[in-house]
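So you know, we letter chains A, B, ... as the sequences are listed, proteins then strands, and number each from 1. The structure displayed is predicted, hence computed values, not measured ones.
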There are 2 protein chains.
Amino acid sequence: MAKRESQAPGDSTEQKIFDAAHEVFTQKGMDGATMQEIADHAGINKALLHYYYRTKEKLYESVARAIIGRAIPAIRQIIESELPLEEKIRRFIDAYIGIISRNPFIPLFIISEVNKHPERFINSILPSDLPKPQFFFNQVEAEIAAGRIRPVRPQHLIVNVISMCVFPFVGKPMMRMLLGMSSGEMRVFLEERKEEVTQFVMAALRP
Amino acid sequence: MAKRESQAPGDSTEQKIFDAAHEVFTQKGMDGATMQEIADHAGINKALLHYYYRTKEKLYESVARAIIGRAIPAIRQIIESELPLEEKIRRFIDAYIGIISRNPFIPLFIISEVNKHPERFINSILPSDLPKPQFFFNQVEAEIAAGRIRPVRPQHLIVNVISMCVFPFVGKPMMRMLLGMSSGEMRVFLEERKEEVTQFVMAALRP
DNA sequence: GTCTATAACTCGATAGAC
DNA sequence: GTCTATCGAGTTATAGAC
């Protein structure tokens, strides 16, 4: 967007609207959010939302695209890197949990979006260059063949790792109830998981 | 509900409404669903929804309570059982994945509900007798003390297991894109996970 | 660009006939 | 119990003044 570079970043009206929409949409979803609420959050008038983004749908897509566009490269970069397997998994877990800690509403936002409107997601939000896990798969197979790790199906391995990183955030309130934790205890617990999940995966991969 | 026993089950108007609401709410959530759509699904008039359930909110709570009420005992029963640890984990994974396979929309429904309205969930949907994981935790500690499994923090272990069982269903469309699987391949993959997750956890617990 | 006012529409809920 | 008709609130979106 060349448009945005021509003015002070972060406080243009368009940017204020975008930021407000980002916050409201991620917390309430497309259906739960209203244009009025977004306008209030941005401290401006409702009509201005339409002036800049025409429709609620377009504003939503703009936010969704930005979120996905930020989330995917981070994963991509690690998965497709040339690091040795163990180091790669270590960094992947650390980065993944770190990112989600700083943006706790994003995973559920993405999941809900994809589940409710798969076509819209694929056609107008998802970027074309998805992470290609093939290199990672080959790497796992090679380590297995060399006897350096226990035989696992690489697809399941990657799903296991992602699940253990993401789900505790998505299901945080439920986890809190199950474990009887306060909000503060839960924050500590989630931070601990960087180390705990890494050790768990490494232990599972021992030959 | 004594009311329901007095007539043929499954085709009373009240039951038809409930079933239709169950389907629509689990797929679209409270905000995304409309009373009109539920009425159409039930093949009856919109006014009848209000005749039987008064408000959309009450209909929703009725559905949510039924879903939670069915989901919790299944978990509870296994977690609180007297089975040896390994067998308990085995059965837990098998039961959990089995239940979700047959009700793939439920986990996301529950997660979204809890995240959007934690108070409503706790006060008017959640039953009072939640699973108590303490016995499971003690069991894990005992196995560690006896040197039969590797030291792990039991809270993280249970979160790991639940995450690996639930998340692949919640994030199914995303997993499909990442792994490049067809709908049929994904079904096979999810079924495989019963065995794969069990082995993964057992491997991670080896001393 | 930004605002007020309002049109156009959707949705939950009710009234009232049968 | 079940239906049609309609109300009233709330929502997206636009018109038009400044």
Side-chain angles (χ1 to χ4, degrees), chain A residues 1-64 112-113 116-117 120 124, chain B residues 1-64 112-113 116-117 120 124:
Chain A
M1 303 278 166
K3 198 195 317 182
R4 208 166 285 151
E5 296 175 86
S6 62
Q7 42 196 135
D11 60 349
S12 71
T13 300
E14 183 171 359
Q15 189 63 35
K16 277 194 295 189
I17 292 172
F18 181 88
D19 292 342
H22 189 287
E23 186 171 346
V24 176
F25 277 137
T26 48
Q27 294 185 33
K28 306 216 173 180
M30 167 70 174
D31 295 326
T34 71
M35 296 295 262
Q36 185 62 60
E37 190 178 2
I38 294 170
D40 292 346
H41 237 86
I44 53 120
N45 192 275
K46 203 176 50 165
L48 272 181
L49 302 190
H50 291 96
Y51 176 79
Y52 282 102
Y53 290 92
R54 261 188 46 81
T55 68
K56 180 186 184 183
E57 175 91 10
K58 285 193 197 311
L59 176 54
Y60 180 76
E61 274 183 21
S62 171
V63 170
S112 302
E113 160 68 25
K116 235 174 262 176
H117 304 284
R120 175 170 65 187
S124 54
Chain B
M1 306 279 166
K3 198 195 316 181
R4 208 166 287 149
E5 294 176 87
S6 61
Q7 42 196 138
D11 60 350
S12 70
T13 300
E14 184 171 359
Q15 188 64 34
K16 276 194 296 189
I17 292 173
F18 181 88
D19 292 342
H22 190 287
E23 185 170 346
V24 177
F25 276 137
T26 48
Q27 292 185 33
K28 306 215 171 181
M30 167 69 172
D31 295 327
T34 70
M35 296 295 264
Q36 185 62 60
E37 190 177 2
I38 294 170
D40 292 346
H41 238 86
I44 53 119
N45 192 276
K46 199 176 56 163
L48 271 182
L49 304 190
H50 292 96
Y51 176 79
Y52 282 102
Y53 290 92
R54 260 186 49 80
T55 68
K56 182 186 183 184
E57 175 90 11
K58 287 193 197 309
L59 176 54
Y60 181 75
E61 275 182 21
S62 171
V63 170
S112 302
E113 160 68 25
K116 235 173 264 174
H117 304 286
R120 175 171 66 189
S124 54

Between C:dG1 atom C1' and A:Lys16 atom NZ, what is the distance in whole Å?
->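 Value for this atom pair: 12 Å.
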
Take the protein atom CG of B:Asp11 and the nucleotide atom C1' of D:dG1, then report the distance between them rounded to whole Å.
->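 Rounded to whole Å, this separation is 15 Å.
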
Straight-line distance of B:Lys46 NZ to B:Ile38 CD1, nearest 0.5 Å |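 It comes to 11.5 Å.
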
Any chance you could measure A:Thr26, atom OG1, to A:Glu113, atom CD, to the nearest 0.5 Å?
->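 Answer for the OG1-CD pair, A:Thr26 versus A:Glu113, is 12.5 Å.
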
Contact letters for nucleotides 2-18 of chain C, in which S counts primed atoms plus P, OP1 and OP2 and B counts the base, heavy atoms under 4.0 Å = BBB------SBBB----

Considering residues at least two apart in sequence or located in another chain, which fulfil the side-chain contact (heavy atoms from CB on, under 4.5 Å) criterion with B:Lys116?
->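 Once residues adjacent in sequence are excluded, the partners of B:Lys116 under the side-chain contact (heavy atoms from CB on, under 4.5 Å) criterion are B:Asp31.
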
Under the side-chain contact (heavy atoms from CB on, under 4.5 Å) rule, collect the residues that match up with A:Ala64, sequence neighbours excluded.
->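 Partners of A:Ala64 under the side-chain contact (heavy atoms from CB on, under 4.5 Å) test: A:Phe109, A:Ile125.
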
Kindly indicate whether the side chain of B:Val24, heavy atoms from C-beta on, has any atom under 4.5 Å from the side chain of B:Thr34.
->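 No. Closest side-chain heavy atoms not under 4.5 Å.
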
